[in-house]
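Below is one structure, written out as structure tokens, with a few remarks after it.
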Amino acid sequence: MTADVITTLRTQDRSICVIGLGYVGLPTACLLTRAGHVVHGVDIDSDLVSQLNNGGVDSPEVDLDALISQSLAQSLTVSEKPTQADVFMICVPTPVTVHRAADLRAITAAVDSIVPVLERGNLVIIESTCPVGTTRNLVAERLAANGLRHGEDFDLCYCPERVLPGNSIQELTGNSRAIGGTTPAAALRAAEVYRSFCHGELRCTTDLAAEMCKLMENSYRDVNIAIANTFACIAEDAGVDVREAIELANMHPRVDILSPGPGVGGHCIPVDPWFLIEGFPEVTEVLLAARQRNDAQGERLFASLQEHADLQPGQSLAILGAAYKGDIDDPRESPTWQVVAAARAAGLTVHVHDPLVGLCSVHGEQVHEALDAVLRNADAAMIMTDHSEYRILPADIFASLMRGCWVADGRSVLDAAAVADTGVNVLVLGGPTALSSTPQVVAARA
Ligand code: SAJ
């Protein structure tokens, strides 16, 4: 917790309505409450609203859990409808459709929901990632239904967030931010609101530049992950350990190659580049190629495992990792689901394990908490997520439970040589396969 949170507000904007209480909106509403604002949180998820009105939700982030409880005990109120306020902050999801087009229905619905309570002199802030021009076009047009014009009757801003899930409070209070306004005065006004809880640099700019910078940040990361994945594919064919080669290359003072993996998940990195590709198709071939490389990684690793282990219809595959990245509990938009679909299409029985996502069903797929049950009698296994728990698995766990003798390690979390010594071969994404001198294929265990 930062001790230097400003408790005496330097802005005239005291009451704030935060619409969308997800992994960005809820911590933001709590931080604004802690900073002294009177905050009302809004979400269309009635179960979430009732959970919050009954004391809070379980977050894997311990400090966030405490902040939510404190805020609800302090003055944070929550409902399914916006109330009048000085400031409206919209933090709703903006996915892409199956055709990779921006799906702005949640933003449109959120904007429409504040039209009845929008008043002259208000400030409206969009935080959700959106195509360049959305704020001053789509949002402004919908808000005009109230007869009010942005820049004259109310202020309109676009202020993207940079929260890395799993470290929300530190990221929201410490990261710098672009504060985009459709007028300079609007940006300065929004900066005062963010200054109440954020001690990072607040850089005022236009709404267009702020929308563009958000998409650039995540597209940049997607392309850099794709470069790492390209090098991994080359290394496999060249017989090189890509992680050793990356470590060597990153010794260069101006090289910083990221880590290869079996796909890019989450609601942002694999999504945001599509907003630029959709808007500027003639010049975004690099972004498109990166998306295609990253999206191919999971099935590429599965196909290689299928070949090495000679997997046949009716056999079983254990998949370790439902979350889209290590040490978080969010399975949405995870590359795991592409691999599950490919394995099922190959006639395999699939069981998915995740220590953090826990016992639940995602996209109709059961996620299990008990690793031994998922591994028992499996004909092959695939590690999709770099959870810390997988890095400390005993080397013999696969030999002691599985029927087959092949494991594909998509995140290089295993000590492949130690596992190979137990009679199980390890197919490492981007790295040399660790072959066992005595591969074990054992009869099904009771
Ligand atoms: N990944 C790799 N290799 C890497 C890094 C990541 O394969 O070297 C994969 C991860 O396994 C995961 C996916 O990429 O599946 C995305 O993970 P991430 O940690 O790169 O990003 P997010 O989605 O958790 O958070 C990103 C962050 N953006 C940037 O780092 C530029 C965060 O700051 C943003 O706030 C967030 O997107 C967002 O909401 O936009």
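Each ligand, and each atom within it, is numbered from 1 in the order the structure gives.
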N-O pairing of [X] and [Y] below 4.0 Å:
X	Y	result
D327	R411	no
R344	E365	yes
D272	K214	no
D386	K325	no

Specify the protein heavy atom at minimum distance from [atom]: its residue, its atom name, and the distance to 0.1 Å.
atom	answer
atom 21 (O) of ligand 1	I269 CG1, 3.7 Å
atom 17 (O) of ligand 1	K325 CD, 3.8 Å
atom 5 (C) of ligand 1	R221 NH2, 3.4 Å
atom 1 (N) of ligand 1	I225 CD1, 3.6 Å
atom 33 (O) of ligand 1	R162 O, 3.0 Å
atom 2 (C) of ligand 1	S259 O, 3.7 Å

Report the part of V163 (side chain from C-beta onward, or backbone N, CA, C, O) that has a heavy atom under 4.0 Å from ligand 1; answer both or neither where that applies.
backbone

C268, portion touching ligand 1 at heavy-atom distance under 4.0 Å:
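Within the 4.0 Å criterion, C268 contacts ligand 1 through side-chain atoms alone.
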
Looking only at distances, please establish whether an N/O atom of ligand 1 is found under 3.5 Å from an N/O atom of Y324.
yes

So V124 and L156, do their side chains get closer than 4.5 Å, heavy atoms only?
yes

With no hydrogens and no angle check, do the side chains of H37 and D13 hold a donor and an acceptor under 3.5 Å apart?
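There is no such pair (donor and acceptor under 3.5 Å, judged by atom type) between the side chains of H37 and D13.
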
With heavy-atom distances below 4.0 Å as the criterion, list the atoms of ligand 1 near [X].
X	value
N218	28 (N), 29 (C), 31 (C), 37 (O), 38 (C), 40 (O)
V264	13 (C), 14 (O), 15 (O)
K214	34 (C), 35 (O), 38 (C), 39 (O), 40 (O)
L164	19 (O), 24 (O), 25 (O), 27 (C), 32 (C)
Y23	39 (O)

Regarding atom 13 (C) of ligand 1: of the candidates S128, G265, G266, which has the closest heavy atom?
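Of the listed residues, G265 has the closest heavy atom.
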
From the options R411, E171, Q297, select the one whose nearest heavy atom is closest to atom 7 (O) of ligand 1.
R411

Does D103 use its side chain to pair, donor to acceptor, with the backbone of R105 at less than 3.5 Å?
yes

Donor-acceptor contact below 3.5 Å, side chain W274 vs main chain P270:
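Answer holds: yes.
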
Only counting residues at least two apart or in another chain, list the ones meeting salt bridge (charged side-chain N to carboxylate O under 4.0 Å, His left out) with E61.
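By the salt bridge (charged side-chain N to carboxylate O under 4.0 Å, His left out) rule, E61 matches no residue at all.
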
Have a look at R162 and tell me which of E217, E127, E201 forms a salt bridge (Lys or Arg N to Asp or Glu O under 4.0 Å) with it.
E217

